[in-house]
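What follows is one structure encoded as structure tokens, with my remarks underneath.
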Number of protein chains: 2
Amino acid sequence: MNDFTSRVADAKIPDATVRRFSLYLRYLEDFERSGINSVASGVLAERGGTTAAQVRKDLSFLGSFGKRGLGYSVRELTGVLRDVLGLDSVWRVALLGAGRIGTALFRYEPFRARGFHITTVIDNDPGKVGTRLGGVMIRGEHELECALTEDRTDLVIVAVPAPVAQALVDRVVAAGIRAVLNYAPAQLRLPDDVALRNVSMTVELESLSHALTRVRRCR
Amino acid sequence: MNDFTSRVADAKIPDATVRRFSLYLRYLEDFERSGINSVASGVLAERGGTTAAQVRKDLSFLGSFGKRGLGYSVRELTGVLRDVLGLDSVWRVALLGAGRIGTALFRYEPFRARGFHITTVIDNDPGKVGTRLGGVMIRGEHELECALTEDRTDLVIVAVPAPVAQALVDRVVAAGIRAVLNYAPAQLRLPDDVALRNVSMTVELESLSHALTRVRRCR
DNA sequence: TTCCACTTGTGAACGATTTCACAAGCAGGG
DNA sequence: CCCTGCTTGTGAAATCGTTCACAAGTGGAA
Ligand SMILES: NC(=O)c1ccc[n+]([C@@H]2O[C@H](COP(=O)([O-])OP(=O)(O)OC[C@H]3O[C@@H](n4cnc5c(N)ncnc54)[C@H](O)[C@@H]3O)[C@@H](O)[C@H]2O)c1
Ligand SMILES: NC(=O)c1ccc[n+]([C@@H]2O[C@H](COP(=O)([O-])OP(=O)(O)OC[C@H]3O[C@@H](n4cnc5c(N)ncnc54)[C@H](O)[C@@H]3O)[C@@H](O)[C@H]2O)c1
């Protein structure tokens with residue numbers, strides 16, 4: 001199915017563009033389900049709240065496979081995006097912290113459908129260690145390195161309290177992990193070759209709060 | 001305590017800067033707890049993974065109250081940031097969807113400490129409506145408008161399944177709400193004067209996945 | 001075959017954000 | 001008092017991302 005791998009400019013796709021790829025892919029999958037075979041940049045743009053030029057510029061990082069006058073083949077574009085986003089492999093994910101956020105994430109099925117399999121869960125609460133979350137046994141914090149290696153983990157989700165986050169990721173990085181998704185309100189320090197994304201609900205709320213006060217003042 | 005309100009350039013602070021303000025504030029509160037009275041831009045920068053120049057440029061949007069040779073007063077800067085982020089008022093928040101993510105968010109205390117009070121919870125599951133989440137009664141979806149008005153809601157958190165999100169926020173917007181924090185994987189369409197932030201774990205994971213495949217290919 | 005309506009791909013203009021570089025200000029010591 | 005070491009505040013430069021504008025393909029209709 002994938003002879004699309006003729007991607008040229010793997011060079012350095014802007015981060016903002018990569019994030020939009022995720023969204024485009026989401027829409028394309030909707031279109032595919034609806035039996036639509038081809039989309040124009042304008043359609044994707046409208047769906048995603050950007051402009052047609054933006055969509056075309058984004059996609060041009062991947063080569064050129066649109067058909068002028070017609071648009072893009074939904075199937076082909078889906079394939080290319082899945083490929084560039086690395087969604088054709090299964091990623092083995094370890095969850096650190098089986099608390100409220102951790103369990104909510106664990107039980108969220110769409111991750112699995114996307115190829116992110118949570119194969120490891122770590123916690124240090126003696127009441128939790130040894131019990132099962134879904135099909136996965138919760139292992140103690142001291143087993144961290146061993147679990148990451150055994151389970152051939154690719155990616156770690158941090159959902160432990162902020163004060164312990166840095167110490168844990170240090171060990172995670174030492175164990176060879178190259179990608180971390182962090183939910184703790186802590187600014188993690190990692191080597192440059194480890195990819196890190198922070199999800200901070202506080203930052204989002206506070207930026208909304210700022211927007212609200214601005215609106216209020218301007219009237 | 002706040003005669004810092006002499007803020008000049010409320011003009012148009014870049015979004016990226018506002019988000020960093022949240023982080024700076026977080027660090028400043030740590031410093032305050034540790035009894036540190038003043039910080040230099042370089043210290044904040046190191047803590048937050050940016051550069052000293054970036055920190056100073058950011059803060060310059062708020063006026064100038066650093067002391068050359070010394071740095072910034074922790075207390076004063078904390079006050080200014082809290083003010084510009086609108087954290088000195090209490091924000092009344094409505095939570096739409098008391099599912100897994102919704103309840104995890106609800107039970108997260110730091111929000112309340114920051115001045116975000118979840119005063120309204122809406123769900124449409126008959127088994128949930130009428131029960132309490134923490135101290136708040138879960139109300140039916142049909143009561144949405146009425147609840148938002150009665151509770152004088154400022155801000156709405158969307159934690160319902162994607163397919164119903166748009167319809168709900170349409171009603172929320174019609175009820176006069178100007179700020180929405182969206183967890184559903186749906187691209188919401190709102191009027192320009194409503195502030196929207198999306199939190200998408202899928203986008204984050206996929207961008208990590210992209211980073212991982214890049215690393216792998218480059219060796 | 002030619003024409004037409006449509007849409008892509010992309011250099012170039014634009015706008016925004018980040019980084020640089022340095023004059024100016026402050027505190028403390030002599 | 002002046003000198004020294006340190007740090008801010010900020011124009012100007014560099015970088016990065018978005019938007020514009022249009023030549024060049026494409027399929028279909030006549
Ligand atoms: N709940 C939310 O809505 C929310 C929102 C934003 C951020 N967060 C952040 O996510 C993280 C988790 O939040 P939560 O609400 O799930 O908290 P929680 O207390 O419910 O869960 C934390 C879990 O981590 C485990 N843990 C603690 N120390 C550990 C260690 N050293 N090794 C392994 N496991 C350890 C605890 O046993 C617990 O199960 C926190 O950093 C929090 O700030 C949560
Ligand atoms: N759980 C996660 O980790 C996670 C991660 C990313 C995104 N999300 C998104 O967050 C949203 C909620 O996820 P969840 O895991 O909590 O799902 P969930 O099914 O546990 O909760 C959804 C809740 O919304 C309620 N609901 C449904 N329709 C409603 C309506 N019309 N009005 C009011 N309430 C309604 C349901 O009764 C349920 O309580 C989804 O959009 C999901 O995609 C969840």
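Order of the sequence lines sets the chain letters (A, B, ...), proteins ahead of strands, with each chain counted from 1.
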Q. Nearest of dT17(C), dG17(D), dG9(C) to any side-chain atom of P14(A)?
A. dG17(D)
If only side-chain N and O atoms of [X] are considered, is one of them under 4.0 Å from the OP1 or OP2 phosphate oxygen of [N]?
X      : N       : result
R56(A) : dG9(C)  : no
S41(A) : dT8(C)  : yes
Y72(B) : dG9(D)  : yes
Q54(B) : dT17(C) : no
S60(A) : dG9(C)  : no
T51(A) : dT19(D) : yes
R20(B) : dT17(C) : no

Q: For T50(A), report the nucleic acid contact type (base, sugar-phosphate, nothing); a contact means any heavy atom under 4.0 Å.
A: nothing
Q) More 5' along DNA chain C: A53(A) or G69(B), using each one's nearest nucleotide? A) A53(A)
**Q.** Side-chain-base donor-acceptor pair under 3.5 Å for R68(A) and dT8(C)
**A.** yes
Q. When the ring planes of Y24(A) and Y27(A) are compared, do they come out parallel, tilted or perpendicular, using 30° and 60° as the limits?
A. tilted
Q: May I have the step-by-step check of side-chain hydrogen bond (donor to acceptor under 3.5 Å, both in side chains) for T119(A) and D151(A), ending in yes or no?
A: CA-CA 7 Å; T119(A) 48; D151(A) 296 343; 4.8 Å; no
Q: Starting from the 5' end of DNA chain D, give me the residue, A40(B) or K57(B), whose nearest nucleotide shows up first.
A: A40(B)
Q. Rounded to the nearest 0.5 Å, how far does CZ of R189(B) lie from CD of E46(A)?
A. 5.5 Å
(Q) With a sphere of 6.0 Å drawn around CD of Q166(B), does it hold more than 12 non-hydrogen atoms of other residues, nucleotides or ligands? (A) yes
